[in-house]
Amino acid sequence: MEGSLFQWIVFFAMAFLAIFCALMVVTRRNPIHSAVFLIVNFFAIAVIYLLLGSQFIAIAQVMVYAGAIMMLVVFTIMLISVEEARRVPMVRLSAGKVFGVILAILLFVELLYGLMVKALPGKVGPFTPERLQAVGPVRTVGGLLMSKYLLAFELASVVLLIGIIGAVILAKKER
Amino acid sequence: MIPPALYLALSAVIFTIGVIGVLLRRDAIVIFMCIEMMLSAVGITLIAASRYLHSMDGVIFVFLAMTVAAAEAAVGLAIFVLLHRIYKGVKVDEINLMKW
């Protein structure tokens, strides 16, 4: 067992919380309950990000996923009535669904197999944890976004702008 | 440090649960939520890889994927509102206008 005991405790607590909430998202009948469990799932994943030493992404996860996106989802569920969703049985078993679940489990087995065959491949980069600690992880991310990845950063803002315009045009009332 | 395989396994588990949710549920909003869950599960893989390979590329990648997810949420939920106006509900198997 390498690493401090605290890290292991936090990791397993958050991992089980995330998996439990993911199962709840899939199995709850009321979409509002699914949404609330998904918010908890996002928070657990944000803690996992913190454990991996990337504070910027953890905060962005809480603000963008748990804050903005889930607020939009909850608003949409409220806008679209969910009353009729409660009465019908949730899963009507059909051949297609059974086949789909078998494929999903196959996918999982493949993912785990790929994980076990080989150590993590790839080139080792220059950003060691000591260097990140010296500069500050968030500052490093900001510096990279403003220098090496400036084009991608600007394109992301264009994507967001087009998303906003598209949403407004789509949701506009019929004239 | 915790071995990276554990993070990748956690990511795989959450991703698979999301896949099963997409395949089993009929409510378009729940399917959308499962897709968001899969996106953030992939984020764990990228961050873990970038942490253990001493690289920042994965962090930037997750940040950009988050931007796309936000834009996707705005447009997708607007489409659900539109579908609700036409079909009075967002069950994916009732939306069969283009079915052959």
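Chain letters run A, B, ... following the sequence lines, proteins first and then strands; every chain starts at 1.
- When heavy atoms are compared at a cutoff of 4.5 Å, B:Leu6 approaches chain A by way of both its backbone and its side chain.
- Atom CG in B:Leu77 sits 5.5 Å away from atom CG in A:Leu72 (nearest 0.5 Å).
- To the nearest 0.5 Å, atoms CG (B:Leu83) and CD1 (A:Ile80) are separated by 8.0 Å.
- Here the side chains of A:Phe99 and B:Leu23 are not in contact, with every heavy-atom distance at 4.5 Å or above.
- Taken from CG in A:Asn30 to CG in B:Asp27, the straight-line distance is 9.5 Å, to the nearest 0.5 Å.
- Listed by first then second residue, pairs satisfying side-chain hydrogen bond (donor to acceptor under 3.5 Å, both in side chains) with a partner in residues 35-52 of chain B read B:Ser11-B:Thr45, not counting sequence neighbours.
- Summarising the geometry, atom CD belonging to A:Glu110 is positioned 10.5 Å from atom OG1 belonging to B:Thr16; distances are rounded to the nearest 0.5 Å.
- A:Val124 touches chain B through backbone and side chain together, each having a heavy atom under 4.5 Å away.
- A chain of hydrophobic side-chain contacts below 4.5 Å, direct or via other Ile, Leu, Val, Met, Phe, Trp or Tyr residues, connects A:Val62 to A:Val64.
- Residues A:Arg131 and B:His54 fail the side-chain proximity criterion, which asks for heavy atoms closer than 4.5 Å.
- At a threshold of 4.5 Å between non-hydrogen side-chain atoms, the residues B:His84 and A:Thr76 do not count as touching.
- For the set A:Leu115, A:Ile164, A:Thr140, the entry with the most heavy-atom pairs within less than 4.5 Å of chain B is A:Leu115.
- For B:Tyr7, the parts sitting under 4.5 Å from any heavy atom of chain A are the backbone and the side chain alike.
- If you measure heavy-atom distances from B:Ile60 to chain A, the contacts under 4.5 Å come from the side chain alone.
- Heavy atoms closer than 4.5 Å to chain B are found in both the backbone and the side chain of A:Thr128.
- For chain A, the nearby parts of B:Ile44 are the backbone and the side chain; heavy atoms of each come within less than 4.5 Å.
- Residues B:Phe80 and A:Leu79 form no side-chain contact, since every pair of their non-hydrogen atoms from C-beta on lies 4.5 Å or further apart.
- From A:Ile19, atom CD1 reaches atom CG of B:Leu10 across 5.0 Å, with rounding to the nearest 0.5 Å.
- Distance check: B:Leu64 CG to A:Leu145 CG gives 7.0 Å after rounding to the nearest 0.5 Å.
- Chain B forms more heavy-atom pairs under 4.5 Å with one residue of A:Pro137, A:Ala60, A:Ala68 than with any other, namely A:Ala60.
- In this structure, B:Ile47 and A:Ile57 have side chains that are in contact, with non-hydrogen atoms separated by less than 4.5 Å.
- Proximity to chain A involves both the backbone and the side chain of B:Val13, based on heavy atoms less than 4.5 angstrom apart.
- For the set A:Leu161, A:Ile169, A:Leu103, A:Leu52, the entry with the most heavy-atom pairs within less than 4.5 Å of chain B is A:Leu52.
- Counting only heavy atoms from C-beta outward, the side chains of B:Ile2 and A:Leu51 approach each other to under 4.5 Å.
- A:Tyr149 and B:Phe63 have their aromatic ring centers separated by at least 6.0 angstrom.
- Heavy atoms of A:Phe12 lying under 4.5 Å from chain B belong exclusively to its side chain.
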